[in-house]
Chemist: 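Below: one structure in structure tokens.
In this chain, numbering begins with 1 at the start of the sequence shown. Heavy-atom basis, side chains included; hydrogens, waters and symmetry copies ignored.
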Amino acid sequence: DVRDRELDAHHPVKRMRPIASGQVDPTIALVLAVVLAAGGIVGGYLIDPELTLVVAAYLALMISYSYGLKRVVLLDVIIISIGFVLRAAAGAVAIDVPISPWLYICSMLLALMLGFGKRRHELLMLRDAASQHRANLDAYSVPLLDQIIAVTSSAAVVAYSVYTFTSPALPENHAMMLTIPIVLYAVFRYLFLIYKEHLGGSPELLLMHDRPTQVSILLWAIASGAILYWS
């Protein structure tokens with residue numbers, strides 16, 4: 001945010017961020033960032049030495065993103081998605097449980113779908129001023145992003161479906177496949193919101209305010225818990 005504060009000033013929403021709006025001094029923000037990063041590494045080591053490697057890899061990835069990779073078209077969103085995979089990996093290492101590779105793939109594909117959906121929203125909202133906010137937005141086009149979103153959303157559903165059948169951590173009766181329709185609805189709901197309602201700029205806000213999405217996540221959690229408990 002410190003590095004992008006001048007670019008965020010051209011964004012109708014991001015200009016209200018504490019650093020971009022001037023509410024937080026950049027120097028204080030940088031000092032706090034260093035303290036939190038160091039605390040994350042130390043905390044990771046205290047939990048599990050292997051977790052330190054994952055945390056360090058995540059920090060290196062995000063710093064590389066902020067200082068150059070975010071300006072490389074396509075790679076910018078891929079880097080973000082890898083960050084989500086590292087977060088999942090950190091959780092697995094922290095509690096010492098194996099995670100199916102398909103679940104990592106699902107995390108990456110969902111992050112790609114959300115990331116490219118966000119790029120599409122920015123491109124449509126900012127239009128001629130898009131490159132003033134993000135240097136590589138001019139390299140994207142709405143038709144290109146539509147195709148990428150279609151590919152990643154389809155692949156995410158397929159990956160999740162394969163996960164429900166192949167993960168050794170799930171019941172052998174494949175009952176987890178019963179949650180596939182819920183995941184399908186959640187993905188379709190997101191596509192409806194970005195294409196029909198022209199939303200998608202802040203996926204976290206959609207999660208917080210879109211009631212059908214909240215209900216689908218709740219139903220998935222209840223169904224998954226019941227399947228794991230009784231199977």
Side-chain angles (χ1 to χ4, degrees), residues 1-47 51-91 93-94 107-108 110-141 145 148 152 194 198-209:
D1 284 353
V2 170
R3 184 171 175 80
D4 294 338
R5 62 187 184 278
E6 295 181 0
L7 296 176
D8 287 346
H10 298 283
H11 194 282
V13 177
K14 292 182 180 180
R15 66 182 180 182
M16 302 305 295
R17 289 178 172 178
I19 297 175
S21 63
Q23 296 177 355
V24 174
D25 183 84
T27 302
I28 296 177
L30 288 174
V31 172
L32 182 59
V34 172
V35 172
L36 291 175
I41 293 176
V42 173
Y45 180 81
L46 294 176
I47 295 173
L51 182 57
T52 307
L53 299 177
V54 181
V55 174
Y58 181 81
L59 287 173
L61 186 70
M62 292 298 101
I63 292 173
S64 299
Y65 173 81
S66 297
Y67 284 86
L69 293 181
K70 68 183 301 179
R71 294 170 178 79
V72 182
V73 65
L74 298 179
L75 187 60
D76 57 338
V77 182
I78 293 176
I79 292 298
I80 294 175
S81 68
I82 294 175
F84 279 93
V85 173
L86 287 176
R87 294 182 191 182
V93 172
S107 300
M108 184 172 184
L110 285 174
L112 286 171
M113 181 185 72
L114 296 173
F116 284 116
K118 187 173 182 178
R119 291 290 182 272
R120 183 183 187 275
H121 179 80
E122 290 175 342
L123 196 60
L124 290 174
M125 180 176 61
L126 299 175
R127 298 187 182 276
D128 295 337
S131 61
Q132 296 179 14
H133 168 63
R134 194 182 298 275
N136 64 357
L137 274 180
D138 280 346
Y140 288 107
S141 68
L145 291 171
I148 294 176
T152 53
I194 65 173
H198 306 294
L199 301 174
S202 298
E204 64 277 8
L205 293 180
L206 293 182
L207 179 63
M208 293 173 59
H209 299 291

Chemist: Looking only at heavy atoms, what is the nearest atom pair of L61 and G83, with distance?
Modeler: CD2-N, 3.7 Å
Chemist: Rounded to the nearest 0.5 Å, how far does OH of Y65 lie from CG of L75?
Modeler: 10.0 Å
Chemist: Which heavy atom of A29 sits nearest to which heavy atom of V2, and what is that distance?
Modeler: CB-CG2, 3.8 Å
Chemist: To check you understand the geometry: which heavy-atom pair defines the closest contact between V85 and M108, and what is its length?
Modeler: CG2-CB, 3.6 Å
Chemist: On a heavy-atom basis, which atom in A139 and which in V73 lie closest, and how many Å separate them?
Modeler: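 Looks like CB-CG2, 3.8 Å.
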Chemist: Answer yes or no: is there a donor N or O on one side and an acceptor on the other, between the side chain of Y140 and the main chain of L74, under 3.5 Å?
Modeler: yes
Chemist: Among L30, V24, I28, find the residue that satisfies the side-chain contact (heavy atoms from CB on, under 4.5 Å) test when tested with I19.
Modeler: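 The single option meeting the side-chain contact (heavy atoms from CB on, under 4.5 Å) with I19 is V24.
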Chemist: Would you compute the distance between atom CZ of R120 and atom NE2 of H198 and round it to the nearest 0.5 angstrom?
Modeler: 7.5 Å
Chemist: Do you know the tightest heavy-atom contact between I78 and L112?
Modeler: CA-CD2, 3.8 Å
Chemist: If you take all heavy atoms of I47 and A94, which pair is closest and at what distance?
Modeler: CG2-O, 3.9 Å
Chemist: Look up atom CD1 in I41 and atom CG in L53, then write down how far apart they are to the nearest 0.5 Å.
Modeler: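 If I round to the nearest 0.5 Å, the distance is 10.5 Å.
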Chemist: Take R119 and D76 through the side chain to side chain contact (heavy atoms under 4.5 Å, CB included) test and state the conclusion after the steps.
Modeler: CA-CA 10 Å; R119 291 290 182 272; D76 57 338; 3.0 Å; yes
Chemist: Can you measure from CD1 (I80) to CZ (F116) and round to the nearest 0.5 angstrom?
Modeler: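 Going from CD1 on I80 over to CZ on F116, the span is 9.0 Å.
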Chemist: Are V72 and I79 close enough, and set up right, to give a side chain to side chain contact (heavy atoms under 4.5 Å, CB included), and what steps lead you there?
Modeler: CA-CA 10 Å; V72 182; I79 292 298; over 6 Å; no
Chemist: Considering only heavy atoms from C-beta outward, does the side chain of L110 approach that of M113 to under 4.5 Å?
Modeler: yes
